[in-house]
Each structure stands twice: as structure tokens, then as C-alpha cells.
Amino acid sequence: MASSCAKAYRIISFFLACLLLASNSAAAINSTTLDPRDEIRAKHRSIRAHLKRVNKPASPDGDLIDCVPSHLQPAFDHPKLRGQRPSDPPERPKGNNSSSTLLDAKFQAWTISGESCPQGTVPIRRASREDILRASSIQGFGRKPAAGRLRRDSRSTGHEHAVGYVMGAQYYGAKASLSVWAPRVTSVSEFSLSQMWVISGSFGNDLNTIEAGWQVSPQLYGDSRPRFFTYWTSDAYQETGCYNLLCSGFVQTNNKIAIGAAISPISALDGGQFDIDLLVWKDPKHGHWWLEMGAGVLVGYWPTFLFSHLAVHANMVQFGGEIVNTRSSGYHTSTQMGSGHFAAEGFRRASYFRNLQLVDWDNSLIPLSSNLRLLADHPNCYTIQGGVNGVWGNYFYYGGPGRNVRCP
């Protein structure tokens, strides 16, 4: 009897121990699944995974491209454009032939896989919260600082140039082929660019500019890729104007080119050289300033009402490179211009502009005359050398490494 009782006791004890173990395990599992912090983390992981599926990057550079109905793009927020549609195509300049090594609209990473926006829409690179946080302020996002106003002698502004320019006549546009590189930019608050400027007014507060080219700007884009860009101002970069489509101004008409998106392919040192054709000209019928790229690809236009002096014509055209030197470490920046190599190194090593042309009063493209002036305002850091031949017409090489033994 005692043996039976002992045996029953052992069975009951074992059963109770199993119940207690099961109860503790269930409590642990229940505690894990019901912890609010874990639930929140799991929810965030699900959201991120869903956004990754929904917002697939349109290109290898991670850009998100939105296809926006043409009449809803930022330009049409302007009171003078509200409720309107894009202008009719312009009258193209006579004698316009492309010589670009990038001959169609597929010169950007997001189009390589065949992506484009439907007719009636325009592709717009989506700005992110991080893009705005990198700017000096919300108001300053997408704009050049007033201190960055254009100077041909920029010794006191931190903006340094190696440029070719003409001035002293009436100009109605300009065209050039410019090679594309990926110069190193050493500070997030600096940039390196290659562009055309169409300019009118004085170098005071009434300066009007139209600008187009490529730039590397970590602050604006968050990376070090060369990107196609536009800019405009009608008051020397003070209150008006912006990059790309970041304000009411430039009207895009093309559904395959995203302004602000990365350019691909690019030039390689001692290797393949890639350039883009850019043409800016004033439509004689409506007066708008149009932008064309490559083999007759219209990108869009700057409405004439944006400007004062440029509403009539330009009085200066400039081509070349520009960098910002913040001297953040107490000495000259190592931010590169162009390829990062001096002009004297020539083809396949230095960056170039070729086939420089102007648009005259008759809406005809004409070669630059012998009055092209070349200027490098910091020649120990960045240089420029030009010439003329039967293949490249008026051309120049430009660029440099920035800080070196002669540029402390």
C-alpha cells in the first residue's frame, strides 16, 4: 500500500512539474508575442518591406521617378501659367546638327532598362526628406546661395571657374558638346559642375542667367554621381530661380528625360569619352528659351516672363567648369573640376567642350569667332587651354585636381 502511494505521489509530482513547465513556456511565448515593442518593430519591418516592393527604384542609382501629368508639374503653380498647357514646339535654329556621342534620350541610368513615362506626363525625380535636411534651410533647398552669384573673377566668393566666354554683342542662344566625368567632391557643401551659361544684365542684382549641364553635388542629390541639371535666376540668385524642377519656372515637355537624374555612361581616364550636346536658344515666335539635348531631343523651356533682360536677348555666353571651395580644413579643397586633370593633358585625360556655337538674330547657329576669351581664375588649381580645328571647331580642355603643391 505504501509502495502504491509512493508511486502515485511520484506520478502526480511529475504531472504537476510538466504542467508548471508548460505554463512557464506558454507564459514566455505569450510574453514574447504580446510585447508592444516587438509588435511595433515587426510592423515597421513589414512596412519597409512593403514600401520596397511598391516603391521600386526606377534606376540603379536608387532614384525614384514619378510620372506627373504635364499640366501638374511645378511650373504650372506659377500664377502666369496656372491653368495653361505647355507651349507649342519652337522653331529650331538653322544649321542644327548633333555630334554627341550620346545620340538618344537613353543617357540616364533610369532609362537603361527601357523605362519611360507615358505620353502626356513628365518624369520628375522625387525629392526625399533627406535631400531637404541636407540643405541649409527649407527655403534654400534647390537654390544656389546668393554668395554664389556668378563672377568671372571669383577670388572672394569660394566659387572658382575655368571658362571660355564671349560678350559685347546680342546673343540668342548657344550650343556645345561637353564631356561627362565624375569628379571627386570632398565636402558635402561643395560641388563640381560643367555647364553653359546664357547671361544678360549686369553682375549686380539684376543678373539674369539660364544654365544647363551636369554636376556632382552631394548636398543636393545625396551621392557622387554626375547628374543632368538646369538652373535659372532673374535677380542674381537672390530670391528667384532654382535647380531643375524644384520651383515654378522651367516647363518640361519631354517624357523620357528626368532632370536631376544620373548620366550614364561617363568618360574614363585613358578610355572611352562620352559627351552630351546641349543647345539653348530663344524661340523667335513665342520668345521662350528652349533646351535641346542630343540629336534633336527637346527637354523643355524657360518662359520668357521669368526674365527681365533675357526677355530680349543675352549679352554674354559662357562655357566651362565651376567648383565650390569652402576651405573647410583651412586650405584649398581637393574637389576636382572636370576629370580632375589639368587641361594640358589633353584628350582622354582632360575634360573638354567642343563645337562651340552661338545663335544669332536670324535664329541661325554660327561658329564662335576669334573673340572667345579663356579664363581660369585659380590657374594653379584648375587650368584651361583652347584651340580650333576642322573636326571640333572651337574647343577647349579644362579642369584640375584642386589642392596640390602649387595650390595649397
Side-chain angles (χ1 to χ4, degrees), residues 9-69 72-74 77 108-118 121-143 145 182 184-191 215-227 229 242-247 258-262 264 324 326 328-329 335:
Y9 177 78
R10 285 195 298 272
I11 292 171
I12 292 170
S13 298
F14 176 78
F15 180 71
L16 289 174
C18 289
L19 281 177
L20 181 62
L21 181 62
S23 174
N24 288 339
S25 299
I29 293 170
N30 203 37
S31 172
T32 301
T33 55
L34 295 180
D35 188 332
R37 292 169 297 180
D38 289 336
E39 287 187 351
I40 291 170
R41 283 192 286 268
K43 186 176 182 180
H44 284 179
R45 283 194 296 270
S46 298
I47 290 171
R48 284 195 296 270
H50 182 69
L51 286 175
K52 189 174 181 179
R53 288 192 297 271
V54 173
N55 291 333
K56 291 182 179 179
S59 66
D61 53 25
D63 284 344
L64 293 176
I65 307 296
D66 295 311
C67 296
V68 178
L72 296 180
Q73 63 181 289
D77 292 335
Q108 294 185 309
W110 78 281
T111 63
I112 290 173
S113 61
E115 296 281 351
S116 66
C117 285
T121 70
V122 295
I124 298 180
R125 178 184 179 270
R126 187 185 301 178
S128 68
R129 178 175 178 271
E130 290 72 23
D131 290 339
I132 296 174
L133 289 174
R134 287 191 302 272
S136 58
S137 66
I138 294 176
Q139 295 75 18
F141 173 61
R143 296 180 58 195
R184 182 179 67 250
V185 175
T186 58
S187 168
V188 71
S189 56
E190 298 180 346
F191 65 66
Q215 67 178 164
V216 174
S217 177
Q219 184 177 67
L220 186 58
Y221 305 107
D223 63 17
S224 298
R225 297 173 181 268
R227 293 172 176 271
F229 83 96
C242 65
Y243 281 109
N244 308 334
L245 303 181
L246 296 176
C247 68
I259 303 174
S264 179
V324 171
T326 62
S328 57
S329 300
T335 286

A.B. asks: Once ring-ring contact (aromatic ring centres under 6.0 Å, His included) is applied, do any residues pair with Tyr221, and if so which ones, sequence neighbours excluded?
C.D. replies: none
A.B. asks: What are the two closest heavy atoms between Asn244 and Ile259, and how far apart are they?
C.D. replies: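 Scanning both residues completely, I find the closest heavy atoms to be OD1-CG2, 3.2 Å.
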A.B. asks: Evaluate side chain to side chain contact (heavy atoms under 4.5 Å, CB included) for Leu246 paired with Leu220, printing each intermediate quantity in order.
C.D. replies: CA-CA 11 Å; Leu246 296 176; Leu220 186 58; 4.2 Å; yes
A.B. asks: Do Pro123 and Thr111 have side chains that get closer than 4.5 Å, going by heavy atoms?
C.D. replies: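 A side-chain contact under 4.5 Å is absent here.
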A.B. asks: Hey, is CD1 on Ile138 packed in by over 12 heavy atoms from elsewhere, all under 6.0 Å?
C.D. replies: no
A.B. asks: In Å and rounded to the nearest 0.5 Å, what is the CZ to CD distance from Arg41 to Glu39?
C.D. replies: 11.0 Å
A.B. asks: What are the two closest non-hydrogen atoms of Ala182 and Val216, and how far apart are they?
C.D. replies: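 Closest heavy-atom pair between Ala182 and Val216: CA-CG2, 4.5 Å.
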A.B. asks: Taking Ala258's backbone N and O only, do any of them form a donor-acceptor pair with Gln108's side chain (distance below 3.5 Å, no angle check)?
C.D. replies: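 Checking the backbone N and O of Ala258 against the side chain of Gln108, a donor-acceptor pair under 3.5 Å is found.
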A.B. asks: For the atom pair CZ (Phe229) and OG (Ser217), what is the distance rounded to the nearest 0.5 Å?
C.D. replies: 9.5 Å
A.B. asks: For the CZ atom of Arg45 and the CG atom of Asp38, what is their distance to the nearest 0.5 Å?
C.D. replies: 8.0 Å
A.B. asks: Could you list the residues that satisfy ring-ring contact (aromatic ring centres under 6.0 Å, His included) with Phe141, not counting sequence neighbours?
C.D. replies: none
A.B. asks: Going through the checks in order, is the salt bridge (charged side-chain N to carboxylate O under 4.0 Å, His left out) test met by Asp63 and Arg225?
C.D. replies: CA-CA 11 Å; Asp63 284 344; Arg225 297 173 181 268; over 6 Å; no
A.B. asks: Regarding Asp131 and Arg125, does a basic nitrogen lie under 4.0 Å from an acidic carboxylate oxygen?
C.D. replies: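 Here Asp131 pairs with Arg125 in a salt bridge, since their nearest N and O are under 4.0 Å apart.
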A.B. asks: Quick check: closest heavy atoms across Ser189 and Val324, and the distance to 0.1 Å?
C.D. replies: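 Smallest interatomic distance, heavy atoms only, reads O-CG1, 4.1 Å.
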A.B. asks: So does Pro218 get a backbone contact from the side chain of Arg134, meaning a donor-acceptor N/O pair under 3.5 Å?
C.D. replies: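 Confirmed, Arg134 side chain pairs with Pro218 backbone.
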A.B. asks: Is there a donor-acceptor contact under 3.5 Å from the side chain of Arg143 to the main chain of Cys242?
C.D. replies: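 Such a contact is absent between Arg143 side chain and Cys242 backbone.
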A.B. asks: Do you know which two heavy atoms are closest between Trp110 and Cys117, and how far apart they sit?
C.D. replies: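 In terms of heavy atoms, the two residues are closest at CH2-N, 4.3 Å.
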A.B. asks: Atom OG of Ser128 and atom CG of Leu64: how far apart are they, to the nearest 0.5 Å?
C.D. replies: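 If we round to the nearest 0.5 Å, Ser128:OG and Leu64:CG are 9.0 Å apart.
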